[in-house]
There are 2 protein chains.
Amino acid sequence: MKRINIADVAQKAGVSPTAVSFAFNKPEQLNSETVNRIRMTAIEMGYMPNPMARALIAQRSGIIGVMLPQPLSTVLANPYFHTFLQGISSMCDEQALSLMTLSPMNGSLDQAIARSPVDGFIIVGYNEAHHEVSLLRKRGIQYVLVDGDATCAPSVNIDDEQGAYLAAKYLIDKGHRDILILMLDTAFGHADEELHGVAMRRMRGYRRAFDEVGVVWRDEWVLPSVSSMIGGQQNFDAAYEQGLRPTALLAAADAIAIGAIQAAIRRGMKVPQDLEIIGYDDSVLASLVQPGLSTVHQPIFEKGRVALELLIGEWENAATRITDVSAKQVWLPTHLVLRGTTT
Amino acid sequence: MKRINIADVAQKAGVSPTAVSFAFNKPEQLNSETVNRIRMTAIEMGYMPNPMARALIAQRSGIIGVMLPQPLSTVLANPYFHTFLQGISSMCDEQALSLMTLSPMNGSLDQAIARSPVDGFIIVGYNEAHHEVSLLRKRGIQYVLVDGDATCAPSVNIDDEQGAYLAAKYLIDKGHRDILILMLDTAFGHADEELHGVAMRRMRGYRRAFDEVGVVWRDEWVLPSVSSMIGGQQNFDAAYEQGLRPTALLAAADAIAIGAIQAAIRRGMKVPQDLEIIGYDDSVLASLVQPGLSTVHQPIFEKGRVALELLIGEWENAATRITDVSAKQVWLPTHLVLRGTTT
DNA sequence: TAGATTTAGTAAAACCCTTTAGCTAATTTA
DNA sequence: TAAATTAGCTAAAGGGTTTTACTAAATCTA
């Protein structure tokens with residue numbers, strides 16, 4: 001079953017391939033009767049221009065790629081990404097763009113990048129120094145970094161440190177000293193990569209609050225956790241089994257916090273009486289769970305929108321050859337939202 | 001800033017373009033020293049094969065398209081799709097496939113399809129009769145239908161009717177007679193399309209339970225709702241303002257149910273004392289909210305996986321020219337899960 | 001040493017479309 | 001009436017890769 005192409009249609013309609021192309025893309029070049037005839041023939045034969053050939057010649061696919069730090073199945077377990085992707089796609093819908101996600105395949109993004117016919121990337125959770133990112137820069141492909149340090153490209157970040165500081169400060173001010181910290185596991189990095197921007201900044205924020213009041217910072221009270229409810233559960237249990245008996249908990253992601261709450265309740269603790277908890281992100285789940293999760297709010301949806309706006313801006317810049325990267329470092333604000341997991 | 005291509009690398013390395021291609025794809029055809037030299041030059045120049053050209057010649061992109069019934073930003077607000085997409089992507093991860101989503105652009109999928117360089121589609125929420133779907137069939141592009149009636153292509157569905165029947169039966173058996181039904185809005189269709197499979201089947205299930213016991217079915221107690229929490233809220237409010245005073249609620253999606261619960265509580269009702277509620281889907285939210293949502297369980301994650309498995313199967317069939325469509329109609333079971341929103 | 005085989009590489013075709021430049025016939029302008 | 005313009009269409013180039021068929025040189029066989 002051979003896929004029919006433009007030449008087949010042209011032959012059947014008794015015109016040249018050029019005419020068929022015109023019938024779809026520049027009908028004003030052709031007699032309107034001819035246009036109709038060609039279109040009829042095309043529909044009849046079930047013809048549709050080959051998207052790859054089209055993208056190849058146009059040097060443009062209308063697809064944007066979102067580079068994610070984890071397998072998609074993991075990412076989709078995290079409510080943070082739901083909202084973030086919603087932000088991006090609200091903009092996609094407006095701009096008639098398609099969206100494609102790419103995640104590490106067997107640990108590497110190279111393969112995924114190599115086969116992605118996209119007009120640009122939104123890169124989440126990677127620093128500019130990252131091998132794959134510098135590859136893109138070298139190749140001259142447009143990208144925007146989200147949740148990662150950038151100097152050579154536009155980026156969108158939030159004030160991670162301040163948000164974390166506020167959360168930690170709140171608990172410390174209420175007298176807590178035995179505070180368990182469930183940090184993003186990226187903060188602990190793999191041997192070959194630098195510490196990760198977001199996690200580093202949140203860690204610094206927590207730490208600053210500790211130092212300011214003179215509370216002892218104990219590394220063994222900081223556990224790396226996957227950003228998911230399961231991760232939160234497991235790590236809270238792990239902490240407990242290591243003999244830690246926290247009276248408060250700082251989680252670097254809402255999903256982690258919610259998992260931890262479940263684990264705590266299962267061990268007979270009462271939240272917030274026995275354990276006060278502050279999450280991070282203010283994802284939709286935070287206001288859905290009972291009790292409502294106190295957390296650090298960040299404008300997730302907007303972050304996605306802004307990222308795509310910046311990317312679109314890059315295309316226009318490339319066209320006009322203007323480039324002022326320094327102006328493209330967007331920092332969005334964070335603030336504390338108190339609900340039921342704090343008293 | 002011109003994007004460098006295979007010819008540039010070939011020239012710099014002093015070989016033919018063919019040699020460069022071989023260096024990447026069939027290194028055994030070349031002297032290993034030459035391979036190294038070419039690869040070095042390629043890295044140095046930041047060369048990467050153009051994905052569109054590659055996909056064009058290979059007639060294969062390694063990308064699968066998920067056709068969604070609503071704008072992506074809407075879809076991502078529905079926890080059902082989170083899990084469904086997770087199922088698909090878990091399989092993608094295993095098979096080293098990339099995933100691309102497509103939603104109607106300004107109301108039409110045509111444009112989105114036309115520019116999608118995918119190896120096949122997973123089509124969610126459309127029937128085979130749908131115009132875009134028949135276009136794909138005519139064009140000879142592989143696809144699998146999910147949540148839609150199919151005869152010419154593989155499909156994955158759940159036993160919608162039975163699940164709905166069980167839910168309605170449960171409430172009726174407990175004596176409820178004033179049951180508000182918040183149905184998927186697709187059940188009411190646009191003028192030009194047939195009633196939609198899933199919604200129809202769920203409607204039939206509810207109805208069967210009513211009829212069986214002889215409870216009067218009142219059309220004005222059935223409201224179409226968007227599958228989101230907002231939709232549930234708005235429609236519960238709308239029902240209330242129309243003077244309806246239900247003692248029980250059947251929602252055709254968990255998101256709708258949860259939205260309705262919030263609206264009910266805001267009006268001072270107690271769940272489940274004043275209002276018993278059964279949702280549909282058993283999405284992750286169902287067990288997170290307080291009180292836990294009673295709902296009809298369906299294996300969402302598995303549905304996604306099976307859909308992609310079938311699609312992959314189609315590719316293999318196309319290669320071996322075997323086709324037995326009837327064997328590819330998968331029906332997954334549903335059952336009732338009782339939590340806190342029923343007594 | 002003539003002939004057969006292997007090695008290392010190349011030229012050219014194929015994938016399918018869009019676009020530019022150009023051609024012919026018909027119409028308008030001066 | 002000759003020259004200029006327009007309408008309607010086509011030929012050919014270009015986009016970047018992979019693959020098939022082929023060549024030239026080197027190695028092996030008898």
Side-chain angles (χ1 to χ4, degrees), chain A residues 1-39 41-42 45-62 111 113-119 139-141, chain B residues 1-39 41-42 45-62 111 113-119 139-141:
Chain A
M1 175 142 185
K2 192 213 161 219
R3 205 158 145 169
I4 59 157
N5 60 24
I6 202 171
D8 300 328
V9 178
Q11 189 177 4
K12 185 142 183 182
V15 291
S16 71
T18 311
V20 178
S21 175
F22 281 156
F24 285 103
N25 306 315
K26 295 189 179 167
E28 69 277 7
Q29 299 270 28
L30 257 45
N31 184 317
S32 63
E33 255 179 48
T34 320
V35 171
N36 280 336
R37 183 163 42 93
I38 294 175
R39 284 197 180 154
T41 326
M45 299 178 76
Y47 170 73
M48 232 185 244
N50 181 315
M52 304 164 199
R54 190 198 270 256
L56 176 58
I57 185 101
Q59 305 280 63
R60 182 164 189 303
S61 63
Q111 202 191 339
I113 293 175
R115 62 154 68 149
S116 297
V118 300
D119 294 342
R139 182 78 221 252
I141 297 172
Chain B
M1 177 142 183
K2 192 213 159 216
R3 208 156 142 169
I4 58 159
N5 61 23
I6 202 171
D8 300 329
V9 178
Q11 189 177 3
K12 184 141 181 182
V15 291
S16 71
T18 310
V20 178
S21 176
F22 281 158
F24 285 102
N25 307 314
K26 293 187 180 168
E28 68 278 8
Q29 299 270 31
L30 256 43
N31 184 317
S32 62
E33 254 178 50
T34 319
V35 171
N36 280 335
R37 183 162 44 92
I38 294 175
R39 284 193 180 158
T41 325
M45 300 178 75
Y47 169 72
M48 234 186 242
N50 181 316
M52 312 176 196
R54 192 199 270 256
L56 176 59
I57 186 92
Q59 306 282 65
R60 183 165 188 299
S61 63
Q111 201 191 341
I113 294 174
R115 62 155 66 152
S116 297
V118 301
D119 294 342
R139 180 81 223 251
I141 297 172

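The sequence lines fix the lettering, A, B, ..., with proteins before strands; numbering per chain opens at 1.
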Take the protein atom [atom1] of [X] and the nucleotide atom [atom2] of [N], then report the distance between them rounded to whole Å.
X	N	atom1	atom2	result
A:Asn25	C:dT20	CG	C1'	15 Å
B:Arg60	C:dC16	CZ	P	17 Å
B:Asn31	C:dT7	CG	C1'	9 Å
B:Leu56	C:dA13	CG	P	17 Å
B:Ile38	D:dT18	CD1	P	12 Å
A:Arg115	D:dG16	CZ	C1'	18 Å
B:Gln29	D:dT20	CD	P	10 Å
B:Lys26	D:dT18	NZ	P	10 Å

Reported [atom1]-to-[atom2] distance for the pair [X] and [Y], which is rounded to 0.5 angstrom:
X	Y	atom1	atom2	result
B:Asn36	B:Thr41	CG	OG1	10.0 Å
B:Ser21	B:Leu30	OG	CG	10.0 Å
B:Thr18	B:Asn25	OG1	CG	11.5 Å
A:Ser32	A:Arg37	OG	CZ	11.5 Å

- Task: Report yes if a donor N or O on one partner sits less than 3.5 Å from an acceptor N or O on the other, where the partners are the side chain of B:Ser16 and the base of C:dA11; otherwise report no.
- Result: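 In this structure, the two groups form no donor-acceptor pair.
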- Residue B:Thr34, side-chain heavy atoms: nucleotide from C:dG9, C:dT10, D:dT18 that is nearest: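 When the side chain of B:Thr34 is considered, C:dG9 is the closest of C:dG9, C:dT10, D:dT18.
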- Message: If you assign each of B:Thr18 and A:Phe22 to its closest nucleotide in DNA chain C, which residue comes earlier from the 5' end?
- Response: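 Result: B:Thr18.
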- Message: Can you work out whether B:Ile6 or A:Arg37 has the more 5'-proximal nearest nucleotide on DNA chain D?
- Response: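 Nearest nucleotide further toward 5': that of A:Arg37.
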- In this structure, are over 12 heavy atoms from other groups packed under 6.0 Å from A:Glu33 atom CD?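 Counting other residues, nucleotides and ligands, CD of A:Glu33 stays at 12 neighbours or fewer.
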- Base, sugar-phosphate, or nothing for B:Phe24, non-hydrogen atoms under 4.0 angstrom?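 It contacts nothing in the nucleic acid.
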Just to confirm, is there a sub-4.0 Å distance from OP1 or OP2 of [N] to any side-chain nitrogen or oxygen of [X]?
X	N	value
B:Gln59	C:dC16	yes
B:Asn50	D:dT17	no
B:Ser21	D:dT17	no
A:Tyr47	C:dC16	no

